Amino acid sequence: MLDVQLLRSELQAVARRLADRGYIFPVDEFAKLEAARKAVQTETQELQAERNQVSTQVAQFKAKGEDASQLIAKVNAQADRRKALEQELEGIQAKLDEFLRGIPNVPHPSVPAGKSSADNPEMRKVGTPRTFKFTVKDHVDIGEGLGLLDFATASKLSGARFSVMKAGIAQLHRALAQFMLDVHTREHGYTEVYVPYLVTGACADGVSSLAKFKDDLFKVEGRDLYLIPTAEYPVTNFVREEIVPGEKLPLKFVCHSPCFRSEAGSYGKDTRGMIRNHQFDKVELVQIVHPQSSYDRLEELTAHAEVVLKRLELPYRVVTLCTGDMGFAAAKTYDIEVWLPGQQAYREISSCSNFEAFQARRMQARFRNEKGKTEFVHTLNGSGLAVGRTLVALLENFQNADGSVTVPEALRPYLGGVAALKAS
RNA sequence: GGAGAGAUGGCCGAGUGGUCGAAGGCGCUCCCCUGCUAAGGGAGUAUAGGCUCAAAAGGCUUAUCGAGGGUUCGAAUCCCUCUCUCUCCGCCA
């Protein structure tokens with residue numbers, strides 16, 4: 001959520017920057033709401049002040065044993081008007097809050113303008129896609145060929161967009177999560193956390209807009225609980241309504257969790273295999289930082305995610321999301337895209353964002369600064385990495401002509417030294 | 001599932017209708033004193049808003065004692081609903 005003070009003082013500038021990301025700021029609606037708020041709030045507070053003043057007078061009269069009925073009559077005379085105004089003000093403020101919560105974040109000045117993913121500039125390309133001397137298969141054919149991926153059973157259990165993994169691939173999947181957690185806890189200083197996979201609506205609205213994106217989430221019927229679409233939801237909310245001592249920053253958490261997404265609106269997209277499932281595992285990096293350092297931290301966090309790809313010897317590239325392709329809450333985002341031979345394309349495997357104070361303001365997450373004053377923290381997160389897609393990338397990049405799949409060196413210790421997955 | 005207790009400021013904790021935004025303590029900040037250290041004395045120290053002001057300072061003001069509603073001229077305090085925490089019993093992976 002944006003700072004309402006900023007909107008009051010620099011409305012035109014903010015509207016212009018939001019237009020870059022394709023959001024038309026309803027300037028008139030905001031001006032109207034603000035004018036109403038100001039008028040109603042001023043009068044309400046005047047009446048409240050009068051009531052408070054008279055009430056203390058009543059106390060003084062009664063203490064002296066004098067008759068206060070005249071004073072009480074005076075307050076009663078304005079009670080209806082006051083109560084009506086209080087209600088009206090509450091309504092206006094609720095509308096303003098809803099309005100503010102529906103406005104996306106303002107892109108950082110370094111974010112390139114653009115309309116879609118086609119406009120995302122490439123920052124760097126690491127590793128070279130391997131050339132195959134045989135016809136490459138995609139992960140579905142590889143996995144089913146090995147008898148280790150079973151989409152037929154998955155759809156029997158739960159319908160489309162689910163996976164069943166068996167034996168070697170199930171173990172590889174587990175090894176990947178383990179490996180990623182080890183890298184981030186041992187080498188990058190993150191604290192491993194285990195969290196609820198269901199969070200309240202308030203938490204969901206703390207990291208994004210629940211009103212706008214609730215259709216993307218699975219909800220528990222009859223309860224105010226949502227299956228998390230990423231561990232960002234619970235982990236970032238660790239600091240919800242907290243005042244973190246300044247010296248504790250940065251807080252760095254890594255969390256392995258399943259992620260649940262309804263994928264409403266993506267009908268027909270990536271229907272095959274495990275690229276876009278309703279349920280997938282992810283190792284998520286979250287940082288809660290001092291505002292001064294948040295952009296340095298974004299570079300750092302992105303580099304942390306890249307380490308995993310390097311260790312796994314997977315070719316990838318990093319792009320900066322242009323203004324038109326950014327998520328609702330982000331001020332700046334780097335996507336890491338891994339090379340998928342089966343698709344002959346780079347596909348997103350991690351998304352690393354700085355949200356500045358946008359989420360902190362929604363969550364009321366603050367810290368005590370050098371001057372002893374409270375200030376909103378900056379929040380960041382990124383995948384480090386999406387486990388399911390990493391598995392896909394391994395299968396496709398390390399496939400062999402005979403249908404087997406080589407296990408990269410880094411993972412072998414996690415698989416009891418196994419060097420390749422073969423049909424049994 | 002049953003019974004009971006509780007939720008107050010950065011923390012602990014007092015406060016059962018009236019100058020209470022809240023005693024006291026701890027912590028923190030500043031000052032004084034003390035030849036180090038330790039101890040002592042004094043002052044200050046919640047948050048989010050609104051209006052005013054060119055702006056800062058300042059001034060005026062509102063709300064907030066788990067959340068929401070109610071009673072009242074006036075609620076931390078009384079009533080209702082909800083949430084969470086703790087204790088005991090039952091059940092259970």
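As the structure is a prediction and not an experimental result, all values here were calculated from the model. Residue numbers start from 1 in every chain, and the chains themselves are labelled A, B, ... in the order their sequence lines are given, proteins ahead of strands. What you see below is based on every heavy atom in this structure, not just the backbone, and it leaves out hydrogens, waters and symmetry mates.
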Taking B/rA75 as the reference, what is the distance to B/rA3 when you measure between their C1' atoms (whole Å, please)? 30 Å
B/rA63 C1' sits how many Å from A/Asp97 CG, rounded? 15 Å
So A/Lys62, base contact, sugar-phosphate only, or nothing? Heavy-atom distance under 4.0 Å. base
Which class fits the ring pair A/Phe25 and A/Phe30: parallel under 30°, tilted 30 to 60°, perpendicular over 60°? perpendicular
Nucleotide B/rC51, atom P - distance to CG of A/Leu89 in whole Å: 12 Å
Are OP1 or OP2 of B/rU19 and a side-chain N or O of A/Asn52 less than 4.0 angstrom apart? no
Determine whether the aromatic ring centres of A/Phe328 and A/Phe358 lie less than 6.0 Å apart. yes
With P as the reference atom in both, quote the distance from B/rA67 to B/rG10 in angstrom, rounded to an integer. 13 Å
Minimum-distance nucleotide to A/Gln41 side chain [options: B/rG49, B/rC51, B/rC73]: B/rG49
note: A/Gln45, atom CD; B/rU52, atom C1'; distance rounded to Å ~ 13 Å
To the nearest Å, how far apart are A/Glu90 CD and B/rU62 P? 18 Å
Quick check on RNA chain B: between A/Gln53 and A/Gln364, whose nearest nucleotide comes earlier from the 5' end? A/Gln364
When rounded to the nearest Å, what value does the distance between C1' atoms of B/rG59 and B/rG41 take? 34 Å
If the plane angle is over 60° it's perpendicular, under 30° parallel, otherwise tilted; pick one for A/His184 and A/His188. tilted
Pair of N/O donor and acceptor under 3.5 Å linking B/rU19 base with A/Gln60 side chain: yes
P atoms of B/rU47 and B/rA57, separation to the nearest Å: 15 Å
Please determine whether a side-chain nitrogen of the Lys or Arg among A/Lys115 and A/Asp119 lies less than 4.0 Å from a carboxylate oxygen of the Asp or Glu. no
Around atom NZ of A/Lys219, are there more than 12 heavy atoms of other residues, nucleotides or ligands at under 6.0 Å? yes
Is there a donor on the side chain of A/Gln5 or the base of B/rG49 sitting less than 3.5 Å from an acceptor on the other? no
When all nucleic acid strands are considered with a 4.0 Å heavy-atom cut-off, which category describes A/Arg361: base, sugar-phosphate, or nothing? nothing
Please measure how far the P atom in B/rG24 lies from the corresponding atom in B/rG15, and state the result in whole Å. 15 Å
A/Glu409/A/Arg412 ion pair, N-O < 4.0 Å: yes
Nearest-Å distance for atom pair CG/P, residues A/Leu71 and B/rU72: 18 Å
Under-4.0 Å side-chain N/O to phosphate OP1/OP2 contact, A/Thr374 with B/rA48: yes
Taken to the nearest whole Å, CZ/A/Arg51 to P/B/rU61 is 14 Å
For the pair made of CZ in A/Arg368 and C1' in B/rG10, what is the distance, rounded to whole Å? 6 Å
Under 6.0 Å from the CD atom of A/Glu187, do we count more than 12 heavy atoms belonging to anything else shown? yes
What I want to find out is whether A/Lys95 reaches A/Glu98 closely enough, with some N-O distance under 4.0 Å, to be called a salt bridge. no
What integer number of Å spans the C1' atoms of B/rA54 and B/rG69? 44 Å
How is the base pairing of RNA chain B summarised as a dot-bracket string, given the Watson-Crick and G-U wobble criteria with both distances under 3.5 Å, [ ] for crossing and | for another strand? ((((((((.[[[..)..(.....]]]((((((.......))))))(((((((.....))))))).[[[[[..)....]]]]])))))))....
With nearest nucleotide decided by heavy atoms, which residue, A/Val54 or A/Ile243, maps closer to the 5′ end of RNA chain B? A/Ile243
How many Å lie between CZ on A/Arg366 and C1' on B/rG10, as a whole number? 11 Å
